[in-house]
Amino acid sequence: MRQFLDFEKPIAELEGKIEELRRTTDAGGIDVAEEVGKLRDKAHKLLLATYAKLTPWQKAQIARHPERPHTSDYIAGLIEDFLPLAGDRAFADDLAVTGGMGRFRGRAVMVIGTERGHDTESRVKHNFGMARPEGYRKARRLMELAGRFGLPILSFVDTAGAFPGIEAEARGQAEAIARAIEAGLDAPVPFIATIIGEGGSGGAIALAAADRILMLEHSIYSVISPEGCASILWRDAAQAATAAEALRLTAEDLRKLALVDAVIAEPLGGAHRDHPAMLAAVSRQISDSLEPLLALDGATLRARRREKFLEMGRAGVV
């Protein structure tokens, strides 16, 4: 059963009525096709109107939608012959970060991403996509491996941020994130990062120090979550909507600020309404972004990437 967000309640009511009429038809053979058609048209128009004027806070809710495609979906749909690689060779295997080798449109690549999980069991297993130091050390190891074998790197970012627990800090969380960013900047191969849901803080940047940063239309990318920002500035998490406006965290805002390179349109109603269409759009954009980078040598890629990152730093973004 489809899950609806709070601002989608009028749409949910209409779609609920459509489902009731369908059940009536199935049970009694009554022809309600005309009435269903009218309701579908009304629901579609309401969906168009709603998604034409989304606020940043509403976009943040869509970015976190539990039915949205996750990294595992993109790997399953876009990567052939995927071979997962585990562990940081130092402490443990953090399942919040997944990665391995495979083929994207016939080309060998290294894939790295944060995985949130789809249900309660898998979310707990993947720690809700919040990586510990060993997760970022695994990401660094895979980036370095990609450089050694000449494999372009594709990363998929969907995390509220790095895990803030005491044990993570004790094992060097900040250092692990910094080293992952350094590995991304130093990689002598093309590197494309895609923000597929929520891109939060340094935990997101660790997997996004890339040549090209892509964002899905309703994804968000920010130094802090709206709730965290509201708690700090107003000591009231209920001010999250106000904070979301101020943070300029939407794909549209970040594209205007030249902090992301391309925005990928989502199906009407969000990526969660049509996974195949979303995966196809992401595949096309990654392919288009990767092609010109393949002609550049490692030294040029590193120099351009570092300059891009420095510009972001001068702008106060990282």
Checklist line | Arg148: side chain to side chain contact (heavy atoms under 4.5 Å, CB included) partners, not counting sequence neighbours | finding: Glu144, Leu145
Notebook entry, point to check: Donor-acceptor pair, His65 side chain versus Gly197 backbone, under 3.5 Å?
Noted result: no
Notebook entry, point to check: Applying salt bridge (charged side-chain N to carboxylate O under 4.0 Å, His left out), which residue pairs with at least one partner in residues 273-295 are found, sequence neighbours left out?
Noted result: Glu15-Arg273
Item checked: Asp297: partners by side chain to side chain contact (heavy atoms under 4.5 Å, CB included), with sequence neighbours left out -> Ala299, Thr300
Note to self: Would Tyr51 and Glu8 count as a side-chain hydrogen bond (donor to acceptor under 3.5 Å, both in side chains) here? Give the steps.
What the structure shows: CA-CA 10 Å; Tyr51 274 74; Glu8 294 178 312; 2.6 Å; yes
Checklist line | Result of checking Glu266, His272, Glu198 against Arg68 for side chain to side chain donor-acceptor pair (under 3.5 Å) | finding: Glu266
Item checked: Pairs involving residues 210-226, ordered by first then second residue, that meet side chain to side chain donor-acceptor pair (under 3.5 Å) (sequence neighbours left out) -> Asp211-Arg305
Item checked: ILVMFWY cluster membership beyond Phe82 - transitive side-chain contacts under 4.5 angstrom -> Tyr74, Ile75, Leu78, Ile79, Phe104, Val109, Val111, Leu154, Phe156, Ile192, Ile196, Leu214, Leu216, Ile264, Met278, Leu279, Val282, Ile286, Leu290, Leu293, Leu294, Leu296, Leu301
Notebook entry, point to check: For Leu151 and Val189, what are the C-alpha separation, side-chain angles and deciding distance, and is it a side-chain contact (heavy atoms from CB on, under 4.5 Å)?
Noted result: CA-CA 6 Å; Leu151 303 175; Val189 293; 5.9 Å; no
Next item on the list: Go through the structure and list residues passing salt bridge (Lys or Arg N to Asp or Glu O under 4.0 Å) with Lys45, not counting sequence neighbours.
Entry: Asp41
Check: So does Glu121 have more than 12 non-hydrogen atoms from other groups sitting under 6.0 Å from CD?
Finding: no
Check: Does Leu207 offer a backbone N or O that forms a donor-acceptor pair with the side chain of Ser155 under 3.5 Å?
Finding: yes
Note to self: Pair Tyr136, Arg179 - check side-chain contact (heavy atoms from CB on, under 4.5 Å), show working.
What the structure shows: CA-CA 8 Å; Tyr136 296 112; Arg179 293 290 186 185; over 6 Å; no
Return a table of donor-acceptor pairs under 3.5 angstrom between the side chains of residues 127-134 and protein atoms on other chains or two or more places apart.
unit_1, atom_1, unit_2, atom_2, d
Asn127, ND2, Met130, O, 2.8
Glu134, OE1, Arg171, NE, 3.2
Glu134, OE1, Arg171, NH2, 3.4
Glu134, OE2, Arg171, NH2, 2.9

Next item on the list: Kindly write out the residues that satisfy side chain to side chain contact (heavy atoms under 4.5 Å, CB included) with His70, not counting sequence neighbours, or none if the list is empty.
Entry: Ser72, Asp73, Glu115, Arg116, His118, Asp158
Margin query: Suppose the criterion is salt bridge (charged side-chain N to carboxylate O under 4.0 Å, His left out): which pairs have a residue in residues 227-241, not counting sequence neighbours?
Written below: Arg64-Glu227
Checklist line | Nearest heavy-atom neighbours spanning His126 and Gly117 | finding: CD2-CA, 4.2 Å
Notebook entry, point to check: Around Arg304, counting heavy atoms of other residues, nucleotides and ligands shown, do more than 12 lie under 6.0 Å from its CZ?
Noted result: no
Notebook entry, point to check: With Pro292, which residues qualify under side chain to side chain contact (heavy atoms under 4.5 Å, CB included), at least two apart?
Noted result: none
Notebook entry, point to check: So which pairs with a foot in residues 92-101 pass side chain to side chain donor-acceptor pair (under 3.5 Å), sequence neighbours left out?
Noted result: Asp93-Lys138
Margin query: Pair Glu245, Thr55 - check side-chain contact (heavy atoms from CB on, under 4.5 Å), show working.
Written below: CA-CA 8 Å; Glu245 291 276 356; Thr55 66; 4.2 Å; yes
Check: Apart from Leu233 itself, what residues make up its hydrophobic cluster, given side-chain heavy atom links below 4.5 Å?
Finding: Trp234
